[in-house]
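Sequence lines set the chain letters: A, B, ... in the order given, protein chains first and strands last, and positions in each chain run from 1.
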Protein chains: 2
Amino acid sequence: MLSLHQLRCFLTTYETGSLTAAAEELGYAQPSVSEQIRALEKSLGVQLFRRVGRGVVPTTVADELRPHAERTLAAAEEARKAVQAVKQFETGTIRFGMFGQARLYAGAQLVADVLARYPGVRVELIGANSADVFEQLRRGRLEAAIIAVTGVASEGMAITPVAKDELVYISADPAHLTLPVTAHRLALSTLVMYETTWRANDSIRTIMRNLLHETGRNPPTRIEVEDVESAIELVGLGLADSVVPKGAAMQLLPRLAPNAGWVSLRPKQYDTFAIVHRADATLSPAARLMIELATARIQEIAEPINPR
Amino acid sequence: MLSLHQLRCFLTTYETGSLTAAAEELGYAQPSVSEQIRALEKSLGVQLFRRVGRGVVPTTVADELRPHAERTLAAAEEARKAVQAVKQFETGTIRFGMFGQARLYAGAQLVADVLARYPGVRVELIGANSADVFEQLRRGRLEAAIIAVTGVASEGMAITPVAKDELVYISADPAHLTLPVTAHRLALSTLVMYETTWRANDSIRTIMRNLLHETGRNPPTRIEVEDVESAIELVGLGLADSVVPKGAAMQLLPRLAPNAGWVSLRPKQYDTFAIVHRADATLSPAARLMIELATARIQEIAEPINPR
DNA sequence: GGAAAGCATAGGAACATCCTAGGGAAAGCC
DNA sequence: GGCTTTCCCTAGGATGTTCCTATGCTTTCC
């Protein structure tokens, strides 16, 4: 079976015109190179060098083989280099999961952070929805992710909370914002909620359900939309109120609903952001990098949770 | 150390998405493939597949490596194919030595024979002069040759005579052609000789020296030129007579000296054509082919010598 | 909950690699 | 012409790889 080692010995011998010189250059003993050449000749079924007196002379078959051997070795070297480049984040792709509010207000920043540090890499920020992210983590397609923690089954997953963001009540009606909103007040309000498609696994809805449980009511949702921006615009139009993470409120209210304001819930409720990955996984440098940067970004916006 | 085998295992695993399937396809047991992948990962210092439940999932590094692995394996395959093609005379170069009259009137035919049979090959017919051919044979640069046998030192060389060509006396003066030319007559004539540069090793001169030895004279050479064509033209102009192999006379006289004719020497003298190669060499198929074809061509023109 | 699928580990046989030591032939040097 | 050097080969043996079978463990699927 043809091997790179044989081709390397062949090429060096061809170039130096001598087995001894080739062995010298490659750092082997002369009989080792001799053996490799013989093995190559045997496996190809042709003579590559004529042994003539002292020294060896390449045959025309060797002339023919040489450029191919060079190409093959160059390709192998390219392969090695490509991997090393990826290893040092000079190139390649970094894939990371990010779902929900986390992506909404830290995604672009996070990508910018990575690109600033490693201009050569491609970044894939995966996360159509929470369940999907979990599924991809479970299947190994995603190595790690940062998500808003929900009730999604998490066996086999290591979940490390890194920050929490207060959920605030937003409204265009100043009368709704005079006091912190209790569960009872919440139950009486008219709400617009978002990320409709994934509501079953949505962390905010889960929190609200728990909060309203004592009142015996369901969340009084009047409007369901897909994106939080639309929800906030609707709040700005005075059609409904909503509950959003404080970070999102700070960032989006001035732009999308300048006449609206916010107030805390009572008791205060928090959306928790956590790093998630398979419990059994050893994280790659790329994943560790993303976790570090993502954590830093999230903790700038939301309140850090320092793991014990 | 990176190996083709590892790359092959890697690629097949990448494509099938499973070590078991890859092993199946490659005809190995599953642990063998597993071991190769692990060795490759270790030598590159990166993880190529995440082992997740049942099955393996390629990492982004594997995505990056894949095209390079493909290129490397393709290049190796190209190398193997190129050599096989040469082996079957589909391509490559056939180098053969041919000196003196042999080349003069069988060279082009021989090349044509080879090209007719193997249209893809390149043919190199080497032979500036006899000593050079011998030197190249000795140094292994030439594998075999067909030459006019001379007094050149031939130790270590296997010499197989295949044909002899009568040396004839040519002249434009019909009076010189009435009877076979004896040594004495030869000593009294005015000659033009050719291949001046190599006269020391020239077979015809050697023969003539031996012939004239009894007369105690040297060959009566009046003119020395480099090529036999010029010599024959000079004979045609009546400036001198010459001694050439009969084959050359038959081919060149009508064209270059139509008024000239030829007559035998007495006793008849012969130039011997022989296959020469290193005594210790095992001949390649290409060399055997050339020997076969060259022998056939020479024996069409000159008188065959059948080796016992 | 049990069967099937798929990877890992372990142990051992076969083979490849690489070394040192020494032989023989050609080339070069008095 | 003999002597030395150079260079390849062979032989034998230590070490490392490759590849196998058998088995264990985890996940997945029914």
Need the bend value for the helix from dG1(C)-dC30(D) to dC30(C)-dG1(D): angle between end axes, 5 pairs each end, nearest 10°.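 Axis-to-axis angle, ends of the helix: 30°.
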
Residues of [range] with any non-hydrogen atom less than 4.0 angstrom from an atom of DNA chain C: list those, numerically ordered, please.
range                     : answer
residues 5-14 of chain A  : H5(A)
residues 23-39 of chain A : G27(A), Y28(A), A29(A), P31(A), S32(A), E35(A), Q36(A)
residues 58-65 of chain B : none

If we ignore angles and hydrogens, is there a donor and acceptor under 3.5 Å between the side chains of E143(A) and S284(A)? yes

Between H5(A) and Y28(A), is the gap from one ring center to the other below 6.0 Å?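 Yes - the distance between ring centres of H5(A) and Y28(A) falls below the 6.0 Å cut-off.
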
Show the distances under 3.5 angstrom between N or O atoms of the protein and N or O atoms of nucleotides 25-27 of chain D.
none

Partners meeting side chain to side chain contact (heavy atoms under 4.5 Å, CB included) with E64(B) (sequence neighbours left out): V86(A), T91(A)

Could you work out, with side chain to side chain contact (heavy atoms under 4.5 Å, CB included) as the rule, every residue matching E24(B), not counting sequence neighbours?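 Testing E24(B) for side chain to side chain contact (heavy atoms under 4.5 Å, CB included), a comparison that skips the adjacent residues, returns none.
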
Heavy-atom contact window of chain A on DNA chain C, given 5' to 3' at under 4.0 Å: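 Nucleotide range with atoms under 4.0 Å of chain A: dT17(C) to dG28(C).
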
Whole-Å distance separating the CG atom of L19(B) from the C1' atom of dC19(D): 15 Å

Starting at atom CZ of R51(B), determine the distance to atom C1' of dG24(D), rounded to an integer number of angstrom.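 Rounded to whole Å, this separation is 18 Å.
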
side-chain hydrogen bond (donor to acceptor under 3.5 Å, both in side chains) against T93(A), all qualifying residues, sequence neighbours excluded: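 Expected list: R122(A).
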
By side-chain hydrogen bond (donor to acceptor under 3.5 Å, both in side chains), E25(B) pairs with (sequence neighbours left out) none

Give me each pair satisfying ring-ring contact (aromatic ring centres under 6.0 Å, His included) with a member in residues 66-90 of chain B, each pair once, sequence neighbours excluded.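 Sorted pair list: F89(B)-Y118(B).
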
Any chance you could measure I298(A), atom CD1, to L110(A), atom CG, to the nearest 0.5 Å? 8.5 Å

Which residues satisfy the ring-ring contact (aromatic ring centres under 6.0 Å, His included) test with H277(B), sequence neighbours excluded?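 Result, ring-ring contact (aromatic ring centres under 6.0 Å, His included) vs H277(B): none returned.
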
